Number of protein chains: 2
Amino acid sequence: MSMKAAKRKKLEATGWKVGNAADFLGLSKEEVAYLELKLKLATQLKNLRLKRHLTQSDFAKRIDSSQSRVAKMETGDRSVSIDLLVKSLFALGVTSKDIGKAITQTKSNAA
Amino acid sequence: MSMKAAKRKKLEATGWKVGNAADFLGLSKEEVAYLELKLKLATQLKNLRLKRHLTQSDFAKRIDSSQSRVAKMETGDRSVSIDLLVKSLFALGVTSKDIGKAITQTKSNAA
DNA sequence: TGACAATATGTCAAATATGACATAATGTCA
DNA sequence: TGACATTATGTCATATTTGACATATTGTCA
């Protein structure tokens, strides 16, 4: 799988409908950077939840949300903000340092 | 100025009305962490804009926003999201790595 | 001091995010 | 396979965020 295809797959997972390569390339650098950052936080959240052996429903209760919203958080859905992801990570006891480190990660060494 | 008072002043600057020390202490750890993170991004944005010798109005045009919103971004106002700050930083050419590093900073070595 | 530039604050209509619900899809294990 | 748990998707009313405007405040320089 090419680098470009891998990236595209990730972006599609976030809710972006990428009809074709041209549309994909139509995304600006800023948009791609934003989506990638969001996906990093989403992944960090999911990994942490799994490490704690919590279901999405368990975790939803803890942050006064719902299972469906947690699912959307973890897939980086269009409808979830970075604010929500950050707040959720803090609720799991993650530190700013941890978040900063996760953001700094490149694809090759992502958690 | 005590450490606590300094923190309080920063938080007040973000739009939080901190009536007294008790109220301040009433903020949960997560809330404080969120506000501090937001303020780091706000500061990073302002520093970068100044480094580029742009006025708030100049920068506002570049990101299709308004001077007043830029002012709110830079003071970490309640009404601005981390999403908006992150998108604005990307618009200034900042990388994820830069953002990650800024978030990782502790108070003592903040930009 | 006053004139002007730059930044901050208050407000609001429109846009976007949120929790919740229903239900679909996927996974697991007997 | 089927029963059950878990996760994903679609939708919606409510809540929050956004750009914009007016106006206030602060800064600078003659």
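A note on names: the letters A, B, ... follow the listed sequences, proteins ahead of strands, and every chain is numbered from 1. Treat the numbers as computed from the prediction; the structure is a model and nothing was measured.
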Visitor: Which parts of residues 51-59 of chain A get close to DNA chain D, meaning a heavy atom less than 4.0 angstrom away?
Guide: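 A:Thr55, A:Gln56 - these, ordered by number, are the residues of the stretch whose heavy atoms sit under 4.0 Å from the strand.
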Visitor: With rounding to the nearest 0.5 angstrom, report the CD to CD distance, A:Glu36 to A:Glu31.
Guide: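 The distance works out to 12.0 Å.
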Visitor: If you fit an axis to the five pairs at each end of the helix from C:dT1-D:dA30 to C:dA30-D:dT1, how big is the angle between those two axes, to 10 degrees?
Guide: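 That helix has its two terminal axes inclined by roughly 50°.
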Visitor: List in chain and number order the residues that pass side-chain contact (heavy atoms from CB on, under 4.5 Å) with A:Gln56, two or more places apart in sequence or in another chain; answer none if no residue qualifies.
Guide: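 Expected list: A:Arg49, A:Gln67, A:Val70, A:Ala71, A:Glu74.
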Visitor: Which letter, B, S or -, goes with each nucleotide of nucleotides 11-22 of chain C from 5' to 3', with contact meaning a protein heavy atom under 4.0 Å?
Guide: B-----SBBBB-
Visitor: Any side chain to side chain donor-acceptor pair (under 3.5 Å) involving residues 85-95 of chain A? Give me the pairs, sequence neighbours left out, ordered by first then second residue.
Guide: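 For residues 85-95 of chain A: A:Thr95-A:Asp98.
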Visitor: Who pairs with B:Ser66 by side chain to side chain donor-acceptor pair (under 3.5 Å), at least two apart in sequence or on another chain?
Guide: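 B:Ser68.
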Visitor: With sequence neighbours excluded, tell me which residues meet side-chain contact (heavy atoms from CB on, under 4.5 Å) with A:Leu48.
Guide: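 If we apply the side-chain contact (heavy atoms from CB on, under 4.5 Å) test to A:Leu48, skipping adjacent residues, the hits are A:Arg52, A:Leu92, A:Val94.
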Visitor: Please name all residues satisfying salt bridge (charged side-chain N to carboxylate O under 4.0 Å, His left out) with A:Arg69, sequence neighbours left out, ordered by chain then number.
Guide: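 Counting only residues at least two positions away or on another chain, A:Arg69 forms no salt bridge (charged side-chain N to carboxylate O under 4.0 Å, His left out).
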Visitor: Whole-Å distance between C:dT7 C1' and B:Leu50 CG?
Guide: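 Checked: the CG to C1' distance equals 11 Å.
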Visitor: Could you pull out all residues at least two apart from A:Ala91 that satisfy side-chain contact (heavy atoms from CB on, under 4.5 Å)?
Guide: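 Scan of A:Ala91 (side-chain contact (heavy atoms from CB on, under 4.5 Å), adjacent residues dropped) gives A:Ile63.
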Visitor: Among all residues two or more places apart in sequence or in another chain, which pass the side chain to side chain donor-acceptor pair (under 3.5 Å) test with B:Ser65?
Guide: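 For B:Ser65 there are no side chain to side chain donor-acceptor pair (under 3.5 Å) partners, ignoring immediate neighbours.
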Visitor: Restricting to side-chain contact (heavy atoms from CB on, under 4.5 Å), what partner residues turn up for A:Glu30, sequence neighbours left out?
Guide: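 Checked A:Glu30 against side-chain contact (heavy atoms from CB on, under 4.5 Å); matches are A:Ser28, B:Phe90.
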Visitor: List in chain and number order the residues that pass side chain to side chain donor-acceptor pair (under 3.5 Å) with B:Ser57, two or more places apart in sequence or in another chain; answer none if no residue qualifies.
Guide: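 For B:Ser57, no residue satisfies side chain to side chain donor-acceptor pair (under 3.5 Å) once neighbours in sequence are set aside.
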